[in-house]
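Input: a single structure, listed below in structure tokens.
Within every chain, numbering begins at 1; the chains are lettered A, B, ... in the order of the sequence lines, protein sequences first and strands thereafter.
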Amino acid sequence: MDVVTRFAPAPTGRLHVGNIRTAVHNWLWARKHEGRFVLRLDDTDRERSREEFAEGIREDLAWLGLSPDEEYRQSARFARYDAALERLKEAGRVYPAYETAQELELKRKVLLGRGKPPVYDRAGLGLSDADRARLEAEGRRPHWRFRLDHGRPIGWNDLIRGPQHFDPALLSDPVVRREDGSWLYMLPSSVDDIELGITHVLRGEDHVTNTALQVQMFEALGAPPPAFAHEALLVGSEGKLSKRLGSLGVEAMKEAGIEPAALVAKLARIGTSLPVEPVIAPEALIESFDFSTFGRAPARFDLDELAGLSAKIVHLLPYEAVAERLPAGMGEEDWIAIRPNLRTIAEAADWWRILHGHVETRAAEEDRPVIAAAAEAAAGIDWPDEPWRQLVALVKERTGRGGKALFLPLRRALTGRDSGPEMAALLPLIGRAEAIARLTAAL
RNA sequence: GGCCCCAUCGUCUAGCGGUCCAGGACGUCGCCCUUUCACGGCGAAAACACGGGUUCGAGUCCCGUUGGGGUCACCA
């Protein structure tokens, strides 16, 4: 059986780390089994769904390299849901109810106040034809609820959480269609999972009770439920649930200079027993993906850790992979020389200026002898052959200085910085004339 | 409040009754490399939430406490 997974965001905003993680996992699982990864835009909520968000989600996915094999949107599939609802009506698995949202909220409050679970009382189920006629004569229109079968416990074997059992009597019959005819998430999602041939539903554990309801929907619709896997949610680095996490999206990642490969690598393995490693190609992540490695407790997501991982990935990236994001004219030698010192690719621009632009420094009083000796020596050395080694040897010989007292002044005069890549690699790139000019100017 | 999860180094986790004075990864610290910083290599420190049981023996099983997460929408 081919594996088909789906990522089903509502286009009511951009993706954030929590979303992205389940997208990554769905993609990984599909890739691992050479199956299909479906993007399903759950836009039943017309009020909040916007086309610009749908487009934003596609862009986010593309940036991450998680290309969907197919895309669907629920707003284009309403006829399917109509048909499914008709079948459920015939089977007596759905019934009209007439309470207003305020009435329902009041009922819940009363129940909660008495320390009872706020489960729907099924008043709609007890309505006679005459009751309904009277209600409709009052101008009320029904919304539709799916009737849960209280007869037997709901269960499934969760790929991450193991055997799950729920008592349907403790759950409310879910509203599937509003009185204005618009659809709620629950039924369309099940219908689509069936019709799109979804084999694995991998989502956050905030969906476990939804799954309990939907297991019965699959059965009522005459389809075997897919396999389910519910992963523990992510929490912020402060420990508790973080509001910040919900706004940490691709935009924020770009701003922080995070490499997409880093985000994918991090999200693929955070909360699992697999080590988070700097991998620049997804193959290793695909190959090692395994539900049995998932922990069941919420994992903490820390942006600083991600930034560190991203830096390591930058150190690994070959020139071809980054060339178009580098300053115009920056060649492979430049990249290889500066790469180990970068945290983000954006920093390459700074080094580009340092290597080939204008750098002006002023040597500290006590360093002037070193710089003076260097300026003089630079002119005389055999430039193409390891100039840095020759320069250092000569300056040391003439000034008697070594170690930090020798290197730091030279680095400052030549690059204007206290730290950076190895000078042996930088000096040839700066070039003879420019090096001499900078040393002289520093005096 | 009901229901469902979870609880081992700072963080993510391995551990499925004795082989654990608890293993790995990230981070931290130290050393090496580079006659500086960074990069890289090597090494070290660092944990079984608490209280009761069960058992010859418990990180591992049971109960409770505490703590954390989720959910109980005409959102998804």
Side-chain angles (χ1 to χ4, degrees), chain A residues 8-13 19 42-45 47-49 74 97 99-102 104-105 108 111-120 142-145 158 160-162 164-167 169-172 174-180 182-186 188-189 203-210 212 230 232-235 237 239-241 266 269-278 293-302 304-305 308-309 311-312 315 338-343 389 392-393 396 401-412 417-425:
Chain A
T12 55
N19 273 343
D42 282 7
D43 56 352
T44 53
D45 187 341
E47 301 272 299
R48 299 191 300 147
S49 296
Q74 295 193 317
E99 298 90 344
T100 64
Q102 301 87 278
L104 290 170
E105 194 171 332
R108 272 194 299 273
L111 255 12
L112 235 22
R114 280 198 256 144
K116 295 190 162 189
V119 176
Y120 178 58
H143 53 274
W144 293 82
R145 285 188 186 260
D158 198 283
I160 292 173
R161 316 180 106 213
Q164 301 288 299
H165 305 281
F166 282 86
D167 178 359
L170 264 23
L171 272 13
S172 295
V175 175
V176 294
R177 190 173 209 181
R178 293 195 182 93
E179 60 184 61
D180 67 0
S182 61
W183 296 98
L184 267 350
Y185 167 76
M186 213 59 74
S189 178
R203 64 213 322 195
E205 69 177 3
D206 52 334
H207 279 284
V208 295
T209 47
N210 288 342
H230 294 88
L233 270 16
L234 254 25
V235 292
S237 48
K240 301 214 175 189
L241 186 69
K266 177 75 176 179
R269 291 188 172 176
I270 186 174
T272 75
S273 56
L274 267 13
V276 174
E277 298 169 318
T293 62
F294 278 67
R296 297 218 256 162
R300 297 182 194 213
F301 178 86
D302 186 89
D304 292 335
E305 279 180 15
L309 180 70
K312 288 194 175 178
H315 303 161
I338 64 169
R339 181 176 69 171
N341 202 258
L342 265 27
R343 304 234 352 130
R389 211 163 72 156
V392 165
K396 187 184 181 187
R401 305 236 294 213
K404 198 165 187 168
L406 170 65
F407 280 84
L408 198 52
L410 286 176
R411 176 179 284 284
R412 280 179 177 151
R417 296 252 184 142
D418 285 357
S419 67
E422 246 183 286
M423 285 305 299

V119(A) vs G295(A), nearer the 5' end of RNA chain B by closest nucleotide = G295(A)
Side chain of E305(A) (C-beta onward), nearest among U35(B), U13(B), U11(B) = U11(B)
Return the nearest nucleotide to the side chain of M186(A); candidates are C74(B), A73(B), A76(B).
-> A76(B)
Same-atom distance (C1') from A45(B) to C29(B), integer angstrom = 7 Å
Determine yes or no for a side-chain-to-main-chain donor-acceptor pair under 3.5 angstrom, with R296(A) supplying the side chain and R161(A) the backbone.
-> yes
Output the single nucleotide from C6(B), G70(B), C12(B) whose closest atom is nearest the side chain of E205(A).
-> G70(B)
If pairing requires Watson-Crick or G-U wobble contacts with both distances under 3.5 Å, which nucleotide is the partner of C3(B)?
-> G70(B)
Both distances under 3.5 Å, Watson-Crick or G-U wobble: report the partner of U28(B), or none.
-> A44(B)
Under 4.0 angstrom, heavy atoms only, what part of the nucleic acid is V175(A) near: base, sugar-phosphate, or nothing?
-> sugar-phosphate
From the options A76(B), G40(B), C3(B), select the nucleotide whose nearest atom is closest to the side chain of K312(A).
-> G40(B)
What nucleic acid atoms does R417(A) come within less than 4.0 Å of, heavy atoms only: base, sugar-phosphate, or nothing?
-> nothing
Should the pair D418(A)-R412(A) be classified as a salt bridge under the 4.0 Å nitrogen-to-oxygen rule?
-> yes
Whole angstrom is fine here: how far is it from CD1 in I160(A) over to P in U13(B)?
-> 12 Å
For A58(B) versus C31(B), give the span between their P atoms, rounded off to a whole number of Å.
-> 42 Å
Can you figure out which of U34(B), U13(B), G69(B) approaches the side chain of P298(A) most closely?
-> G69(B)
C9(B): pairing nucleotide in any strand, Watson-Crick or G-U under 3.5 angstrom = none
Taking for each residue the nucleotide of RNA chain B bearing the nearest heavy atom, is the 5' side occupied by L112(A) or by D180(A)?
-> L112(A)
If we take the P atom in both C33(B) and C48(B), what is their distance in whole Å?
-> 37 Å
Value in whole Å for how far the P atom of C72(B) lies from OH of Y120(A) = 17 Å
Hey, does R108(A) reach any base, or is it just sugar-phosphate, or nothing, if we go heavy atoms under 4.0 Å?
-> sugar-phosphate
Over how many whole Å does the gap from R339(A) atom CZ to G40(B) atom C1' extend?
-> 12 Å
To the nearest 0.5 Å, what is the distance between CD (E305(A)) and NZ (K266(A))?
-> 4.0 Å
Nearest-0.5 Å distance, CZ of residue R401(A) to CZ of residue F407(A) = 12.5 Å
If pairing requires Watson-Crick or G-U wobble contacts with both distances under 3.5 Å, which nucleotide is the partner of C50(B)?
-> G64(B)
Remember a base hit wins even if backbone is also touched, and classify R296(A) as base, sugar-phosphate or nothing at under 4.0 Å, heavy atoms.
-> sugar-phosphate
How is P340(A) classified with respect to the nucleic acid when contacts are heavy atoms under 4.0 Å: base, sugar-phosphate, or nothing?
-> sugar-phosphate
Scan A101(A) against the nucleic acid and name what it touches under 4.0 Å (heavy atoms): base, sugar-phosphate only, or nothing.
-> base
Kindly point out which of G69(B), U36(B), C74(B) is positioned nearest to the side chain of R161(A)?
-> G69(B)
By centroid distance (under 5.5 Å) and plane angle (under 30°), are H315(A) and G40(B) in a stacked arrangement?
-> no
Across every strand shown, the nucleotide meeting Watson-Crick or G-U wobble geometry with U36(B) (both distances under 3.5 Å) is none
Does the base of U11(B) carry an N or O that pairs as donor and acceptor with the side chain of R300(A) under 3.5 Å?
-> no
Rounded distance in Å between the P positions of U65(B) and A73(B) | 26 Å
Rounded to whole angstrom, note down the C1' distance from C9(B) over to A14(B).
-> 13 Å
Counting heavy atoms from C-beta on, name the nucleotide in U35(B), A76(B), G1(B) closest to the side chain of T44(A).
-> A76(B)
Would you indicate what D304(A) reaches in the nucleic acid, counting non-hydrogen atoms under 4.0 angstrom: base, sugar-phosphate, or nothing?
-> nothing
Nucleotide nearest V392(A) (side chain, heavy atoms from C-beta), chosen from U35(B), C12(B), A14(B) = U35(B)
How many angstroms lie between atom CG of L104(A) and atom OH of Y120(A), to the nearest 0.5 angstrom?
-> 6.5 Å
Taking A73(B), C4(B), U35(B) as options, the one with an atom nearest any side-chain atom of F166(A) is C4(B)
From the candidates U11(B), C3(B), U35(B), the one with an atom nearest any side-chain atom of A393(A) is U35(B)
Which atom of T12(A) lies closest to which atom of S49(A), heavy atoms considered | CG2-N, 3.9 Å
When rounded to the nearest Å, what value does the distance between P atoms of G40(B) and G27(B) take?
-> 9 Å
